Amino acid sequence: MNGERILQEREIRHIRERLAAFYEANRRDLPWRAEADPWATLVSEVMSQQTRIETVIPYYRAWMERFPTPAALAAASEEEVLALWKGLGYYSRARRLHQTARELVTHHGGRVPRDPEALRALPGIGAYTAGAVASIAHGVPVPAVDGNVRRVLARLLDLPAPSPALLAREAGALVDPADPGRFNQALMELGSLVCTPRSPACTRCPIAAPCRARAEGTQEARPRPIRRAPVPVREEGVAVLLHLPPDDPPRLLLRRRPDEGLLARMWEFPGEPCGEGESPAAAAHRALAGALRASGATLIEPASPRALPGVDHLFSHLRIEYRPHLWQVEPGGERAGSRWRWVGLEALELLPLPVAQQRIANHLEAALPECNLEAQSGFSSGARRGSPSAPDP
DNA sequence: GACGCGTGGTG
DNA sequence: TCACCAAGCGT
């Protein structure tokens, strides 16, 4: 089916007028709305992908301070880029934005293109972000269908499961050519403030009159919710290798994750997933063995490790229960490699460390004073207390 | 088309 | 407590 519009011309004009008024009265003062800078718009849109606006704001400020232009980002190291993104999640966004900045410099004169197709071709920029940047930063009359807009349109048209193609067509016909950026942001703001997933405030909605779901009373059921598969749980033994130099701050051995997949190229304490029926302590021992081999470090005392508090972390599709165990070691010869690194406790914040790993480090820091004492009287002597795999209290 | 990909807020 | 989900993209 094509060409068939559900809304009449008169309704479209009505919706444009009401949304424009709604936006002027309700728009939030977000930092990127104060600028007329396409780079600022692009950065804010990428950061906002699947992320709450309140979470984005401080990251956006720090990012624009450090990388005010595509050229500034293009010149940065990936490690610094990931470190600034730390805690925001979906880290491939940071790596793709980094790559996009480089392509802007090499192929677009260091500027953000206006053509939606050119934007769409950049890494990390899909249909939504291309439409948002083209309309908001450059005034191009194209739609920008995010989760909010999908929900608003599904209700306005009373469709249980509208396809992306249908939504793009309807939104494209609806966009106000007089101010496409304002219109698209108004639709999102409406979804965020009024036409919410649960308990939509239809009595306060500026476009309740033409809303088909409102007329049918089906707004709560539009769009139809999707069922998620239950997330698998994995238990992982973690080896925290601690070096206590006599006159310097404590140091830790970290490992860089693989180039692809979960938390790609982020840093972590070495860990191993528990095999079938394997205890976390045994898995941690395997991680220890690998870390000693890779780094050339040696155990100070080959005794039982001290168990640190467990960290349970929920990822988007996986739950991992980290069971960290602490060993004191002496760093070995020259063996290092780019995937392993000794890092001072105070320098962890400069590294791209995922949130769960930071929690492990925090527990270690809390336990450190005791370790110093034990180090002098022989670290090995019965340092174990509580269950080795006790979860976070 | 379904899945992999983080984290924190919310009812 | 926990399921849901937020200004999605790439494969």
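These figures come from a predicted structure and were not determined experimentally.
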Practice prompt. Assess the side chains of A:N148 and A:S192: does a donor N or O sit below 3.5 Å from an acceptor N or O?
Written response: no
Worksheet item: Would you say A:S163's side chain and A:L166's backbone share a donor-acceptor pair under 3.5 angstrom?
Response: yes
Worksheet item: Do A:R265 and A:E79 sit within salt-bridge range, that is, some charged N less than 4.0 Å from a carboxylate O?
Response: no
Practice prompt. Scan side-chain atoms only and decide if A:R155 and A:T218 contain a donor-acceptor pair under the 3.5 Å cut-off.
Written response: no
Worksheet item: When the distance from CE of A:M266 to P of B:dC5 is rounded to whole Å, what number comes out?
Response: 14 Å
Discussion item. Using OP1 and OP2 only, check whether a side-chain N or O of A:H313 sits under 4.0 Å from B:dT7.
Written reply: yes
Fill in: A:L88 CG to B:dC5 P, straight-line distance once rounded to whole Å
18 Å
Discussion item. Rounded to whole Å, how long is the line connecting atom CZ of A:R234 with atom P of B:dG6?
Written reply: 13 Å
Worksheet item: Just checking, is any N or O donor in the side chain of A:R33 or A:Q185 under 3.5 Å from an acceptor N or O on the other one?
Response: yes
Item to complete: Test A:R66 against A:E80 for salt bridge (charged side-chain N to carboxylate O under 4.0 Å, His left out), laying out the working first.
Response: CA-CA 10 Å; A:R66 174 64 186 86; A:E80 186 189 359; 2.5 Å; yes
Worksheet item: How would you label the contact of A:L263 with the nucleic acid (heavy atoms, under 4.0 Å): base, sugar-phosphate, or nothing?
Response: sugar-phosphate
Worksheet entry | Under 3.5 Å side-chain donor-acceptor pair for A:E235 and A:Y322 | no
Worksheet item: Counting only non-hydrogen atoms, which of residues 54-69 of chain A are less than 4.0 Å from DNA chain B?
Response: none
Worksheet entry | Nearest-angstrom distance, P atom, B:dG4 to C:dA7 | 24 Å
Worksheet item: Over how many whole Å does the gap from A:L262 atom CG to B:dT7 atom P extend?
Response: 8 Å
Practice prompt. For each nucleotide in nucleotides 5-11 of chain C, reading 5' to 3', give B when a protein heavy atom comes within less than 4.0 Å of its base, S when such contact involves only the sugar-phosphate, and - otherwise.
Written response: SBBBSS-
Discussion item. I'd like the C1' distance from C:dA6 over to B:dG1, given in whole Å.
Written reply: 22 Å
Discussion item. Is there a side-chain contact between A:H317 and the phosphate of B:dG4, meaning an N or O under 4.0 Å from OP1 or OP2?
Written reply: no
Fill in: Stepwise salt bridge (charged side-chain N to carboxylate O under 4.0 Å, His left out) check, A:E236 with A:R323
CA-CA 6 Å; A:E236 197 168 309; A:R323 299 294 176 251; over 6 Å; no
Worksheet item: Are the charged groups of A:E189 and A:R28 less than 4.0 angstrom apart, N to O?
Response: yes
Worksheet item: Tell me: CD of A:Q357 to C1' of B:dT7, nearest whole Å?
Response: 15 Å
Worksheet item: What integer distance in Å separates A:F315:CZ from B:dT7:C1'?
Response: 10 Å
Fill in: Under 4.0 angstrom between A:R95 side-chain N/O and B:dC5 OP1 or OP2
no
Response to the item:
In whole angstroms, the gap separating C1' of C:dT1 from CG of A:D312 amounts to 14 Å
